[in-house]
Structures are given as structure tokens and as C-alpha cells.
Amino acid sequence: MEEQRSAFVAERLSERVWKVVEDDPFGQYPFMYVVVGEDKVVLIDTGTGHGGDYRGFVTERMNTRRLPYLVVNTHIHFDHVGGNHQFIPDEVHDPPSLGICMGGNNRGFSQNMEINSLVIAHPGARLLPFEVNRWLADGELIYLDDSHTDPQLALCVIYTPGHTPDSLSLYAPFDNRLFIGDFIYPFTVVHIDCLGGNASAYRQTLRKLCDFLFSAGPNNTAAVTDPSQAVATATPMSAPMPSALVQQQPRVSSEAEKAFFAATGLDPAVAAACFDIATLLELCDGSAEAAVELYLTNPGEAGTLAPPRPAPVCHYNTAPVQKLPAYYGPPPPPGVVVLSCGHVEAAFKAEALFDMCTLIDSAATGTVPSSLHDITYGEYKSSGGDLVVHVAKYQLQKLREEVFGDGRAL
């Protein structure tokens, strides 16, 4: 009889960290992570639950010392909590389970599993019952050895709402690694349009993580011995950027812009690289006809009078963002934080957080047009094409008004 193929594939990323990918029937292919400690094994997410015996797979291949399991879910979506039922604490299983943990930033959202897990949106998917035994606080440390509580040998909880209100990330200082769930990943769409997704919260989290990486990560020149203290001091950046750091767009009628492009036949994305339509229309007193005549008479003069606007620079606090070194592929070299994502990439470049912040700001200000859109949603791509975000337009409009003081319609 032919042996049945396992739905799980494991790869060792470092001395303590393993990546497991589930080949599930829904095309999610979630990345789960196994962190082997001294007195426990921490499981970061458990997949869809349709791949079979995940507990047995980990025990046989990675937990050879048969340490007890502690599950930490990055958020409530079914492809991250589907295997939780295999780790409900009982007196039967060996090794035992210590419990199931989730972030306490929005318990109501997490507990409304039937709707917010999105399981009902995937025909054939099911979510077996489980109970959260421990609600984690922002900055809380999950020690990998409870008998020796060393902050450097721990996972630091960071609330990271945006993709969902209950999302969390885990920083591993011993591995220079940030387990970031579905907050960001490359080459495919990052959704902040699911139930509970929020563009403003997403942007605030991006800036919070930028602060955190520079205060707690190895990129900081001043050593930080306890990463939980860095979380406490990292500001979520709810306040708008200082106006001096953000180039405001002129306020003109969006109908005039539409009329200009209809008359000239220009693609807005192509035109944006040559001149700024908002400035051009402002120079023409908001008249589309005058702007069309100016452009058709002398296209080069349009670029001189209304040069293309530079993409907004992502800022946190009042200083320009520094760039973290780009890096792909395990193991991480010393001194570089990598992002272990919930899909696609286990060692993504940390500077992608800054790139995504710029992309969100560019989408909100209209600097980057949507590459795929309808009346309700827009999809936006970074200049390099490795970051793609799908977001509700009304949320971008709200972000545009709150942060950039621009009431023009997108």
C-alpha cells in the first residue's frame, strides 16, 4: 500500500526555529513556526486544520525531547487557528499542551470565531471548537525557559492591528526575527479589506514597528536588554505627520482631472511620471479645457510648470526613516532583523515595513494610482512590485483626510 503524502513540509531556519508549510485544499498554504525552547515548544499558528495530524508531525520531527506545547495565534483567521483543537489541554496527550494564547487587544473580535475566522467564506472549511486559555498583553514576554527568565530568550508580544483588530507579532531577540503573521508579505496581495481590517490602524502599526525595531532590535547602537520595555516606549503614532514633512496636494476638482484625461487619452499613471495634474489644473484655475490646451500645445511645458510630485517619504516621529539592510533567505546574518511572515516568505527584508508605509501614504495621497480597482476597493503596488496591498477606498479617503488634511475624493 502506497504511503500517504504528508500535507506538511518542514524547514529548519535556525537552531531554535522551524518553518512548516501546510498544503491545504483552500490554496492558503499557511506558514506556521515552531520555536523550540528549554522547557516548552511554542507553536506560532496551527494552519487550516485540514492537513491531518499537525501535533504528531511536529512531535516526530522537531520536538524530539517531547516538551509541552504552547500555541500562540497571530490572529483569528481560520488558516492560522484551524489546528488549535489538536492542542486543547488534557491529561491524555503526551507531550501535553500548556494552552492556547491570543492577543488581548480585541477579545470580542477573536471570540466571534464563526464570522471573523472567515471560515464561512471558504466552502468545505471547518473550524473545530477550542478555547483561548491566555490573553496576551502588549509587550508581554513568553519565556522559553520559565526557570531562567531571560528576556533575550523569550518571545516579545507586540500588538499589530490593521489586517485584523486582534493581530499580534512576536519578536525573537535570540534569532533577530520578527514573526509578523499576515501583517505583511511579498509578491502577493496583503489584505486590509477583510472583516476588521483598518487602513489607519495598519499605518499606525507600521510606524510603531519602525520605532520598535530601532529601539529593541540589533540595529540600535544602544543595547536594549529587555525588548518588552521597547514595546512600552514605541508610540503607535496616531498623530498626523508634521505638515512640513508632507507635501500637500493642491485641492482641485476630481471631475476636472477626469475631464482632462478623457480629453487627452493619457493614462493617469503615465502622466504622473511627467507632470502633476493637480498643480497643472490649479495653474489653469481648475479649468480642464485650459489644461488640455496647455498640454496639447506644448507637452514639455506642462512638466516644467507642474513637475511630477515625488513619492511621499515615510516618516516616524519627526525624523526621516532610516533604512534597515535588505535581506532575503535564512539564516539571518548577525545584526539584521528579518520578518517571518504567515505566507510566502519566512525571511523577508525588514525594510519592507518602511516601504509599505510609503506605499500606504502614496495610495492615500493619490501619488500611486490603483493598479486594479472598482468603486469600493483599490489595489496598489510598490514601485518594485514586491509589495501589493488591497484596501477599501473609504478607508484610504479617511486616512487622507485625517493625516494629510486633504478632503479631495480619491
Side-chain angles (χ1 to χ4, degrees), residues 10-20 31-46 58 62-63 67 69-75 80 98 101-103 134 136-146 148-160 167-185 205 208-220 223-232 234 324-325 327-343 345-353:
E11 177 188 355
R12 191 165 198 165
L13 302 182
S14 66
E15 179 184 357
R16 293 189 180 276
V17 178
W18 293 75
K19 175 191 77 176
V20 180
F31 282 24
M32 299 95 79
Y33 296 95
V34 179
V35 182
V36 181
E38 295 300 311
D39 62 359
K40 67 178 70 67
V41 170
V42 178
L43 302 176
I44 303 174
D45 292 331
T46 59
V58 174
M62 287 152 269
N63 188 12
L67 298 172
Y69 291 112
L70 181 68
V71 172
V72 181
N73 295 125
T74 58
H75 59 296
H80 294 262
L98 299 174
C101 309
M102 293 195 74
R134 179 177 168 188
L136 300 167
D138 196 27
E140 184 172 344
L141 296 178
I142 301 171
Y143 294 105
L144 300 184
D145 184 356
D146 287 337
H148 182 61
T149 53
D150 179 5
Q152 291 296 307
L153 189 60
L155 296 169
C156 182
V157 177
I158 309 171
Y159 285 174
T160 50
S167 290
L168 64 75
S169 297
L170 295 166
Y171 175 60
F174 55 87
D175 219 39
N176 292 350
R177 189 179 299 272
L178 185 67
F179 298 98
I180 203 160
D182 282 1
F183 189 79
I184 194 172
Y185 36 73
T205 295
K208 173 184 177 180
L209 288 175
C210 291
D211 272 0
F212 174 79
L213 285 176
F214 277 100
S215 61
N219 305 282
N220 187 16
V224 175
T225 57
D226 187 345
S228 65
Q229 296 302 310
V231 173
L324 295 180
Y327 177 74
Y328 292 87
V336 177
V337 173
V338 295
L339 309 178
S340 287
C341 311
H343 301 270
E345 179 59 76
F348 192 33
K349 58 179 182 177
E351 69 174 358
L353 294 169

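We count residues from 1, following the sequence as given.
Here the side chains of Phe174 and Val35 are in contact, with some heavy-atom distance below 4.5 Å. Between Arg177 and Leu13 there is a side-chain heavy-atom pair separated by less than 4.5 Å. A 4.5 Å side-chain heavy-atom check between His148 and Leu153 finds every atom pair outside the cut-off.
Put simply, NE2 on His75 and CG on Asp182 are 4.0 Å apart, with the number rounded to the nearest 0.5 Å. Rounding to the nearest 0.5 Å gives a distance of 7.0 Å between CE of Met102 and CG of Leu168. Here CZ of Phe183 is found 8.5 Å from OG of Ser167. Values are rounded to the nearest 0.5 Å. Atom CD of Glu11 is separated from atom CH2 of Trp18 by 9.5 Å, given to the nearest 0.5 angstrom. Here Gln152 contributes atom CD and Leu144 contributes atom CG; the two are 11.5 Å apart, rounded to the nearest 0.5 Å.
The pair Glu345-Lys19 does not meet the salt-bridge criterion, since no charged nitrogen lies less than 4.0 angstrom from a carboxylate oxygen.
Scored by the ring pair (Phe, Tyr, Trp, His ring centres under 6.0 Å) test, Phe179 finds Tyr33 as partners (sequence neighbours excluded). Legend: residues meeting side-chain contact (heavy atoms from CB on, under 4.5 Å) with Ile142, ordered by chain and number and at least two apart, are Val42, Leu70, Val72, Arg134, Leu136, Leu155, Val157, Leu170. Remark: Asn73 pairs with Asn84 by the side chain to side chain donor-acceptor pair (under 3.5 Å) rule, at least two apart or across chains. The salt bridge (Lys or Arg N to Asp or Glu O under 4.0 Å) test applied to Asp145 returns no partner, not counting sequence neighbours. Take Tyr159 and apply the ring pair (Phe, Tyr, Trp, His ring centres under 6.0 Å) test, not counting sequence neighbours, and it matches no residue.
The shortest heavy-atom contact between Ser340 and Ala346 is OG-O, 2.6 Å. Of all heavy-atom pairs spanning Pro151 and Tyr143, the tightest one is N-CE2, 4.0 Å. Among all heavy-atom pairs drawn from Leu339 and Lys349, the shortest one is CD1-O, 3.6 Å. Taking all atoms of both residues into account, the shortest heavy-atom contact from Tyr171 to Pro173 is O-CD, 3.3 Å. What you find for Ala352 and Ile184 is that their closest heavy atoms are O-CD1, 3.6 Å.
Side-chain atoms of Asp175 never come within 3.5 Å of backbone atoms of Arg16 as a donor-acceptor pair (strictly under, hydrogens ignored).
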side-chain contact (heavy atoms from CB on, under 4.5 Å), that's the test. Do Thr160 and Ile180 meet it? Break it down for me. CA-CA 8 Å; Thr160 50; Ile180 203 160; 5.6 Å; no
For Asp138 and Lys208: C-alpha separation, side-chain torsions, deciding distance, then whether side-chain contact (heavy atoms from CB on, under 4.5 Å) applies. CA-CA 12 Å; Asp138 196 27; Lys208 173 184 177 180; 3.0 Å; yes
Step by step, would you call Val41 with Met62 a side-chain contact (heavy atoms from CB on, under 4.5 Å)? CA-CA 9 Å; Val41 170; Met62 287 152 269; over 6 Å; no
